[in-house]
Structures are given as C-alpha cells and as structure tokens.
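Contents: one structure, followed by commentary.
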2 protein chains.
Amino acid sequence: MKVARPYHHGNLRQAVLNEATAVVRERGAAELSLREVATTIGVTHAAPRRYFPGRQDLLDALAVEGFSRLGARLQDALDTSSGYREQVRAVATAYLDFMISEANLTELMFATKHGADGDAVGEGAAAAFAPLLQMFRRGQAEGALSNRDPERTGLVFLATLQGIAGLVHCGVVPPGQLDDLIDDALAQFSGLS
Amino acid sequence: MKVARPYHHGNLRQAVLNEATAVVRERGAAELSLREVATTIGVTHAAPRRYFPGRQDLLDALAVEGFSRLGARLQDALDTSSGYREQVRAVATAYLDFMISEANLTELMFATKHGADGDAVGEGAAAAFAPLLQMFRRGQAEGALSNRDPERTGLVFLATLQGIAGLVHCGVVPPGQLDDLIDDALAQFSGLS
DNA sequence: GGCCAATGTATCCAGTGGATACAATTTTTC
DNA sequence: GAAAAATTGTATCCACTGGATACATTGGCC
C-alpha cells in the first residue's frame, strides 16, 4: 500500500541529498535551489527544512559527503597499488579524476563560505587527506623522499594537484595536457628522475 | 552646481565596479546584489543594467579587472627583481599575496561559470600569466631550469601556487605555514636545492 | 532652438530563502 | 487499545533578488 505516496516520505533527507547532488553535478552549486529540489522530489519547499534549516546547511552536507567519497577513492588508490612511486602516481590520478569528473562538487567542497557546520566540513577534509599524509610518511621512511617535513611536502603535493585541477577546471589548461602535467609534477616531487 | 546629484551620474559604470569590488572583498561574490550596489550608490536598481545587463556580466567585469591588477602585480614583481631565482621567488610571493589578500576576488576570477563575456575573462587570465611564461623561458635559456617544456613547467608552478593559496584560503593550511610552503615549493621547482 | 540618443526612473513579474501557524501521521505512554 | 506527544509535511506569509518594459529626464548634435 505504498502507492499514492504516503504523507511521510520515508527518507526525505537522503532523497534531498541525492537530488541536490545531481543538480550540483549538472548545473553547479550556484544554481541549487531548495525549492526546486523539494518540488522535483514531490514535497513542499518547507519540508526539507526539517533536515536542512538553510540552504547553506544543504551545501555543507554535500561538501561533507563529497569529502567522504574523495577520501574513499584516495584510500582505494593507495590500497590497490604498492611501492612508493606507484602509490604517489595512483593517488595523484585518483585525486585528479575525482576533481575533474566532479568539478562542480569540488568547487563546492573547497569553497570559502561554510555555514554553522563548517567544522564538520573541515574535519571531513582532514579525514579525506589523512591517507595522503600517511603515504608521505611512509615515503620518507623508505628514503624515497627528501628529508623535508613529510607533512609540508604532502601539502605542496596536494596543492599542486589541486592547482592543476583548477587550471583544467577553468579552461587555462586543455584536458589533453593533463597527463603530461601530472608527469611533470610527479617528476618534480619524486625527487628522483 | 554638482550638488543635489544631477540626473546623470557621470560615470556610473566605474562607480558600480568600485562598489561591487568592495562588496566582493568584504562579503564574497555570492553575496553581491545588483540592487544593493545600485541603491548604495544612489541610483535605481535598473540603472546599472545599462552597463551590466545581468548579474553575471558584472561578475565577469570584476574578474577581468582582477586579472588586470594581478597581471600588473606580477609584471612589477618581475621588473623589480633580477636573476632567475630571485624573480621566481618575487613572482611567487606577489602571486600569493594577491590571492590571499583578495581571496574572494580570486575565487570569482577562477570560478567556472562565466557568462557571455567569458572569452574576455579568459583573455585577461592569459594576459596576466604572460609574464610568468616569459620568465620561465628566460630561465630555461639561462640553463637554470631542467630541460623540460618551459610552458609546462610554468603551468605546474602556477598550479602549485594556486593550490597553496587555495589550501590557505579554505583553512586546510594555517597562514603561518605559508612561507615554509613557498620555500618547499621553490626548492622543488628551482631544481637546484 | 529642437530633435534624438543616452541615461535613469518607476513598476511590474516570477522565483528564492526564510519564518510561522497548522494538519496529518507515527510513536510513546499510560 | 486509546489518548498524548513528538515527528514530519503543508499552507501561507514576508522581504529580497534578478529580470523586463514603459516612461521621464538630460545632454549632445544638427
């Protein structure tokens, strides 16, 4: 007896997140409208407010979810490769894949403005990047890394990937050059070669 | 007889740009409202539409202006320093200074969504980065650079700076670590220690 | 001096985020 | 098992925004 949609949706929160994710992916975070999401789901525009009091709360939730997915991808890249250089390359590729295939979401994740739940976003980011730092620590232990602070090196590496994605994202770099850029970046970071 | 503000503002376009710049600097591009800018200037909300048909046009104009200012700063950094390593450092510092002191504007400049005038934004960006490429070509000529494609090296360098600014921007990196990060990045890019 | 284009004004519309009072439903409690 | 309470969604406001259009004022050009 689930026809004629019951008064209670069931799991509105997840439905809203799914629809919002789709909208962001297709049209960007700026175009996201609470009302539109609500109506396409089939509820009043005020209904999602039970879960997301304001628009920014929804955006924050999307960002947290995004970092969670990114972290999983990075961890997976680490787990399915072995050896320092291979791991670095795998992580770099996974990171850039994510940022480019989910460009709008990435822009949202790294946006400046986060709402009351901004801490959660920050924690999500930290958790996502933890595998990277771990990798760099191992790299230093194996001597494959210069004797600098692995945390700093990791950050610079991260920054480089982030920047490459950004340049591709905003059109300064054509996607075709992407692999070459990764090669250059890796060469510079592996220290050797 | 300029009291009692004349019917014609005089140079509304520039006034709008100035006010919009201030708003973006203080509250970010997302908060920018054509109407608010118009009323604080003292004209009807429809008046600026003569110059900026839509909100996005104003944002694009701000981005173009931003790239122009950034380009000037980079060129200045190049002109007031000599020697490859010094120039690289000067440019990096100038670039990061700009991006951090004008964080909101930078976010706007590198945003994905540009309107009908998007080409102008792209050209502005290219013009701003021209001094950088020039510097890298010289660096290669002087042999201070590895024998890779200077264009690609420049892009990776650019990406790294961009990424560092982004990480600082979104709070992943505390500003205090900035100088150290720059040092690391420079060490990796100068190729020599 | 008078015409005409440029520049602002005055008003309208649809859509959005936000807030609040109210109704339907589920869960808890006795 | 029924009444009370908490949850979840609805219905309706408000202020504001971007956008569009018709109208008024001004300044330059002949």
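From a predicted model like this one, the values you see are computed outputs, not experimental measurements. Just so we're on the same page: letters track the sequence lines, and every chain starts at 1.
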Roughly, in whole Å, what's the span from [atom1] in [X] to [atom2] in [N]?
X: A:E31; N: C:dT16; atom1: CD; atom2: C1'; value: 12 Å
X: B:I41; N: C:dT9; atom1: CD1; atom2: P; value: 11 Å
X: A:D57; N: C:dG17; atom1: CG; atom2: P; value: 12 Å
X: A:L58; N: C:dT16; atom1: CG; atom2: C1'; value: 14 Å
X: B:E36; N: D:dA15; atom1: CD; atom2: C1'; value: 14 Å

>> I'd like to check the salt bridge (charged side-chain N to carboxylate O under 4.0 Å, His left out) partners of A:D180; sequence neighbours left out, ordered by chain and number.
In response: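 In terms of salt bridge (charged side-chain N to carboxylate O under 4.0 Å, His left out), with neighbours along the sequence ignored, A:D180 is linked to B:R152.
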> NE2/B:H114 to CG/B:L108 distance, rounded to the nearest 0.5 angstrom?
Replying inline: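 So the gap between those two atoms works out to 7.5 Å.
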>> Rounded at 0.5 Å granularity, tell me how far CZ in A:R27 sits from CG in A:N104.
In response: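 Between A:R27 CZ and A:N104 CG, I get 11.0 Å after rounding to 0.5 Å.
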> Which listed nucleotide (D:dG18, D:dA11, C:dG8) is nearest to the side chain of B:A47?
Replying inline: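 The listed nucleotide nearest to B:A47's side chain is C:dG8.
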> Nearest to the side chain of B:R55 - C:dA10, D:dT10, D:dG19?
Replying inline: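 The answer is D:dG19, which lies nearest to the side chain.
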>> By the 4.0 Å heavy-atom rule, please label A:S33 as base, sugar-phosphate, or nothing.
In response: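 Answer is sugar-phosphate: A:S33 comes under 4.0 Å of backbone atoms only.
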>> What contact category does B:Y51 fall into here, base, sugar-phosphate, or nothing, at under 4.0 angstrom with non-hydrogen atoms?
In response: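 Here B:Y51 touches the backbone only, sparing every base.
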>> Can you list everything that forms a side chain to side chain donor-acceptor pair (under 3.5 Å) with A:D76? Sequence neighbours excluded, please.
In response: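 Per chain and number, A:D76 pairs via side chain to side chain donor-acceptor pair (under 3.5 Å) with no residue.
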> Can you name the side chain to side chain donor-acceptor pair (under 3.5 Å) partners of A:D79, sequence neighbours left out?
Replying inline: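 Side chain to side chain donor-acceptor pair (under 3.5 Å) list for A:D79, sorted by chain: A:Q75.
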> Can you list every salt bridge (charged side-chain N to carboxylate O under 4.0 Å, His left out) pair that touches residues 52-69 of chain B, not counting sequence neighbours?
Replying inline: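 Sorted pair list: B:R69-B:E102.
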Let me check something: any side-chain donor-acceptor pairs from residues 126-135 of chain B under 3.5 Å, sequence neighbours excluded? List them with distances.
none

Name every donor-acceptor pair, under 3.5 Å, that has one atom in a side chain of residues 155-178 of chain A and the other anywhere in the protein, sequence neighbours excluded.
from, atom 1, to, atom 2, distance (Å)
A:T160, OG1, A:V156, O, 2.9
A:T160, OG1, B:T160, OG1, 2.8
A:Q162, OE1, A:Y95, OH, 2.5
A:H169, NE2, A:E107, OE1, 3.3

> Does anything in residues 11-30 of chain A reach DNA chain D, meaning a heavy atom under 4.0 Å, and if so which residues?
Replying inline: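 A:L12 - these, ordered by number, are the residues of the stretch whose heavy atoms sit under 4.0 Å from the strand.
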> What residue pairs, at least two apart or across chains, pass ring-ring contact (aromatic ring centres under 6.0 Å, His included) with a residue in residues 44-80 of chain A?
Replying inline: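 Only A:F67-A:F110 qualify under ring-ring contact (aromatic ring centres under 6.0 Å, His included).
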Identify all pairs in which a protein N or O lies below 3.5 Å from an N or O of nucleotides 19-22 of chain C, and state each distance.
none

